[in-house]
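Data block below; observations after.
Reckoned from all heavy atoms, side chains included, excluding hydrogens, waters and symmetry mates. Model, not experiment: these values are computed from the prediction.
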Amino acid sequence: MSDLDVLDTLFPTRDLPEDHDPLAEGILMQHQVEWIADKSDLKLAAKGRRTGITYAEALDDCITAATSKSGGGDNVFYIPDTKDKGLEFIRYVAHFARVVSKELGASVEEFLFEDKLPSGESKFITAWRVTFASGFRVIALSSRPANIRGLQGIVVIDEAAFHQDVAAVIDAVNALLIWGGKIRIISSHNGEDNAFNQLIKDTVAKLYDYSIHYIPFSRAVKNGLYQRVCLMRGWEYSEEGGRAWLRKILRSYGPRHEARDEELEAIPRKSSGVYLPRALVQRAQRDGIPVVSWAVPEVFFLDDNRLDVAKEWFRDNVAPLLDNLDPKKRHALGQDFGRNGDLSVILVAEEGDVATWCSSFQIELRRVPFDVQQYILFQILDRLTRWLAKLDARGNGQSHAEAAAQKFGIERVECVMFTAAWYALNFPLYKSSLEDLSFLLPPGEDIVSDHRLVVLKAGFPGMSDQHVKGVDGEFRHGDSAVAAVLAHACTTVDIGEYGYRPVPRPAAAMEGAGGRDFMRPDHSGDHRGGLMLPRMRGGL
């Protein structure tokens, strides 16, 4: 198989025609030209979605890697927020290598990228690379490496505001400048208090030297975005068609104007209604608390072996976490149930010292069938000691919660039907526990994003109707925040413990005529109305 066949087979340019030339007349829009022309060491783009900056960056990186070292060539590392973004980017680069740089001999391959940690250990990340005749490579990773400082060359962070621990990413890439590296940070906004937006504010305040490009959707439309869409899709262009296309996009957001402005116009969503600020949640997060995720295909519910698969997954991923719990301590479990659109999140917390609780682990299930979710929940509850659980009993969760209450009893399992009053009562208590660090959370940007969806409604805390994109590229709806407040609500209730211990019988009671047990009187001869009285039993 030739290199060209490998390129087309592994990374088919689904969105690009075979003869598509990005440098042809009328292809690049003005904001794309300006982005490529900017050769600053530090470059930043605050953009609306699908405005073509990733396309422009792929073209620029292809040209850079195809250039000799004496001409300014270098390696490029592309770090997306999702695996699919990495694949899309490398497809663009591979196409440009063939069409623009005439790199018919460029090799394209998937490999495992070694991420060397400061501890000396290594982890391996799926990655894809295009190697050019110059010797330089463009590498797209499937996820963010822990040791960004170990990369040498040009580092591109795409959708930075949606990366896990955004601030740490930004801090790490700055170290690359020491060895002559360059940094490109591209992102749409994810809230006013996100570290990406703070970086922009600090740059405007002259604290950083980033070159800032603002690329709202309206500017891209003015620069000819619809014409490019028509070219790519094979549509016939007309002004009337352009107006209908734009109207359809804007109306898809309905009354969610803040969400529309954030995603399209690069205007960060205001945080005034956020009940649990980012800083508060991050302060309560602790590294090392496991977050175990399991996403399955939508058709998994038809798999006859799904329970066997679940048993194996549970044995490998959850059972070891349960084995690490202290059986002498109290435990609390909260679950926000989801089946299709939203996640199911199970949070288990363990009591610490002096009325403090720490999350032991969190499980996130996406598209997992009802019977498999029940298996997982029951297995966890069967292995917990001294526990209470509160389960989301809305909608699809009602059957799930009721089944748990039937099996384990209503003294242990509460089926919670969320109301504004329930949120108004429990979220203030939960917020106080985060403030005084008496309830600790798992790490991660997804946890922060979920908590930011707890908002004030008519002066009382409740859940926002908004959805946010998680680090896996799929949407979330505050799922881990709901699981956490449910688990915390368990910690405010005393766990009733029941046992049986018989009253010991004195030795003297066993003495007497015939050795009769005087603690158990013999009423065998006492008849009333033809009915024999039941024998009295000793003990309590």
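Aromatic ring pairs are classed by plane angle as parallel below 30°, tilted from 30° to 60° and perpendicular above 60°; the pair H189 and F196 is tilted. Using cut-offs of 30° and 60° on the angle between ring planes, the pair H467 and F475 is perpendicular.
Scanning both residues, A46 and A266, for their nearest heavy atoms gives O-CB, 3.9 Å. Considering every non-hydrogen atom in both P80 and L141, the closest pair reads CD-O, 3.0 Å. Nearest heavy-atom pair across W357 and A349 is CZ3-O, 3.8 Å. Scanning all heavy atoms of the two residues, the minimum distance from V485 to N426 falls at CG2-O, 4.0 Å. Residues F217 and T51 approach most closely at CA-CG2, 3.9 Å, considering heavy atoms. Here the shortest heavy-atom pairing between S360 and P290 reads O-CD, 3.3 Å.
Under the salt bridge (charged side-chain N to carboxylate O under 4.0 Å, His left out) criterion, E364 pairs with R476, not counting sequence neighbours.
The existence of a salt bridge linking K47 and E57 is excluded, since no basic side-chain nitrogen approaches an acidic carboxylate oxygen closer than 4.0 Å. Looking at R366 and D472, a side-chain N of the basic residue comes within less than 4.0 Å of a carboxylate O on the acidic one, giving a salt bridge. With salt bridges taken as basic N to acidic carboxylate O contacts below 4.0 Å, none links E402 and K407. Salt bridge E262/R49: absent, no basic N to carboxylate O contact under 4.0 Å.
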Walk me through whether R386 and E350 qualify under salt bridge (charged side-chain N to carboxylate O under 4.0 Å, His left out). CA-CA 10 Å; R386 305 184 65 199; E350 184 173 82; over 6 Å; no
Assess whether side chain to side chain contact (heavy atoms under 4.5 Å, CB included) is satisfied between V296 and V309, documenting all intermediate values. CA-CA 11 Å; V296 298; V309 173; over 6 Å; no
Pair K469, E445 - check salt bridge (charged side-chain N to carboxylate O under 4.0 Å, His left out), show working. CA-CA 11 Å; K469 188 174 288 188; E445 179 64 23; over 6 Å; no
Begin with the C-alpha distance, continue with both residues' side-chain angles, and end with the deciding distance and a verdict on side chain to side chain contact (heavy atoms under 4.5 Å, CB included) for W422 and V416. CA-CA 9 Å; W422 193 94; V416 178; 3.7 Å; yes
Test salt bridge (charged side-chain N to carboxylate O under 4.0 Å, His left out) applied to D326 and K328, step by step: CA-CA 5 Å; D326 187 341; K328 297 180 181 179; over 6 Å; no
Test L250 against R260 for side chain to side chain contact (heavy atoms under 4.5 Å, CB included), laying out the working first. CA-CA 7 Å; L250 297 180; R260 179 197 64 198; 4.1 Å; yes
Side chain to side chain contact (heavy atoms under 4.5 Å, CB included) between Q282 and V448, intermediate numbers included: CA-CA 7 Å; Q282 288 182 325; V448 177; 3.8 Å; yes
Determine whether D115 and S122 satisfy the following criterion, side-chain hydrogen bond (donor to acceptor under 3.5 Å, both in side chains), listing intermediate values before the conclusion. CA-CA 5 Å; D115 182 19; S122 294; over 6 Å; no
Quick one, H451 with Y430, criterion ring pair (Phe, Tyr, Trp, His ring centres under 6.0 Å). Give me CA distance, side-chain angles, the key distance, then yes/no. CA-CA 11 Å; H451 280 73; Y430 177 60; 5.8 Å; yes
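Without hydrogens or angle criteria, D392 side chain to F337 main chain gives a donor-acceptor distance under 3.5 Å. Remark: the backbone N or O of L347 is not paired with any side-chain donor or acceptor of Q362 at under 3.5 angstrom. At distances below 3.5 Å, at least one donor-acceptor pair connects side-chain atoms of S142 with backbone N or O atoms of T126. In terms of modelled atom types and a separation under 3.5 Å, the side chain of D450 and the main chain of H477 share no donor-acceptor contact. Side-chain atoms of R306 come within 3.5 Å of backbone atoms of F301 as a donor-acceptor pair (strictly under, hydrogens ignored). Using a distance-only test at 3.5 Å, with no hydrogens or angles considered, a donor-acceptor pair links the side chain of S344 to the main chain of G338. No donor-acceptor distance shorter than 3.5 angstrom exists from the side chain of T356 to the backbone of S438, with no hydrogens or angles considered. Under a 3.5 Å cut-off, the side chain of S464 and the backbone N or O of L453 do not form any donor-acceptor pair. A donor-acceptor distance shorter than 3.5 angstrom exists from the side chain of N190 to the backbone of A161, with no hydrogens or angles considered. Of the possible polar contacts, one joining the Q285 side chain to the G444 backbone as a donor-acceptor pair under 3.5 Å is found.
Between Y78 and I90 there is no side-chain heavy-atom pair separated by less than 4.5 Å. The shortest distance between side-chain heavy atoms of F427 and V454 falls below 4.5 Å. Under the 4.5 Å side-chain criterion, counting only non-hydrogen atoms from C-beta, V413 is in contact with W387. Residues S359 and F439 form a side-chain contact, since some pair of their non-hydrogen atoms from C-beta on lies under 4.5 Å apart. A 4.5 Å side-chain heavy-atom check between L456 and P461 finds at least one atom pair inside the cut-off. The closest side-chain heavy-atom distance from V274 to R269 is not below 4.5 Å. Residues L377 and L381 have side chains in contact (heavy-atom distance under 4.5 Å, counting atoms from C-beta outward). Inter-residue side-chain proximity for K311 and Y375 is flagged as met; some heavy-atom pair is nearer than 4.5 Å.
Rounding to the nearest 0.5 Å places CD of Q198 at 10.5 Å from CZ of R278. The CD1 atom of I79 sits 5.5 Å away from atom CG of L151, with the distance rounded to the nearest 0.5 Å. Taking CG of L388 as the reference point, atom CG of L333 lies at 10.0 Å (rounded to 0.5 Å). If you take CG on L365 and CD1 on I376, they are separated by 5.0 Å, rounding to the nearest 0.5 Å. One finds the SG atom of C490 at 12.5 Å from the CD atom of E351 (value rounded to the nearest 0.5 Å). Atom CD1 of I363 is separated from atom CG of N317 by 9.0 Å, given to the nearest 0.5 angstrom.
More than 12 heavy atoms of other shown residues, nucleotides or ligands fall within 6.0 angstrom of atom OH in Y253. Crowding of L112 atom CG: a count of heavy atoms from other residues, nucleotides or ligands under 6.0 Å exceeding 12. Atom NZ of K329 sits in a crowded spot, with more than 12 heavy atoms from other residues, nucleotides or ligands closer than 6.0 Å. The 12-atom threshold is exceeded at CG of D308, counting heavy atoms of other residues, nucleotides or ligands nearer than 6.0 Å.
Between F408 and F378, the ring centre distance stays below 6.0 Å. Ring centroids of Y423 and F418 are separated by less than 6.0 Å, placing the two rings close together.
Of the candidates R339, Q373, Q335, H400 forms a side chain to side chain donor-acceptor pair (under 3.5 Å) with just one, namely Q335.
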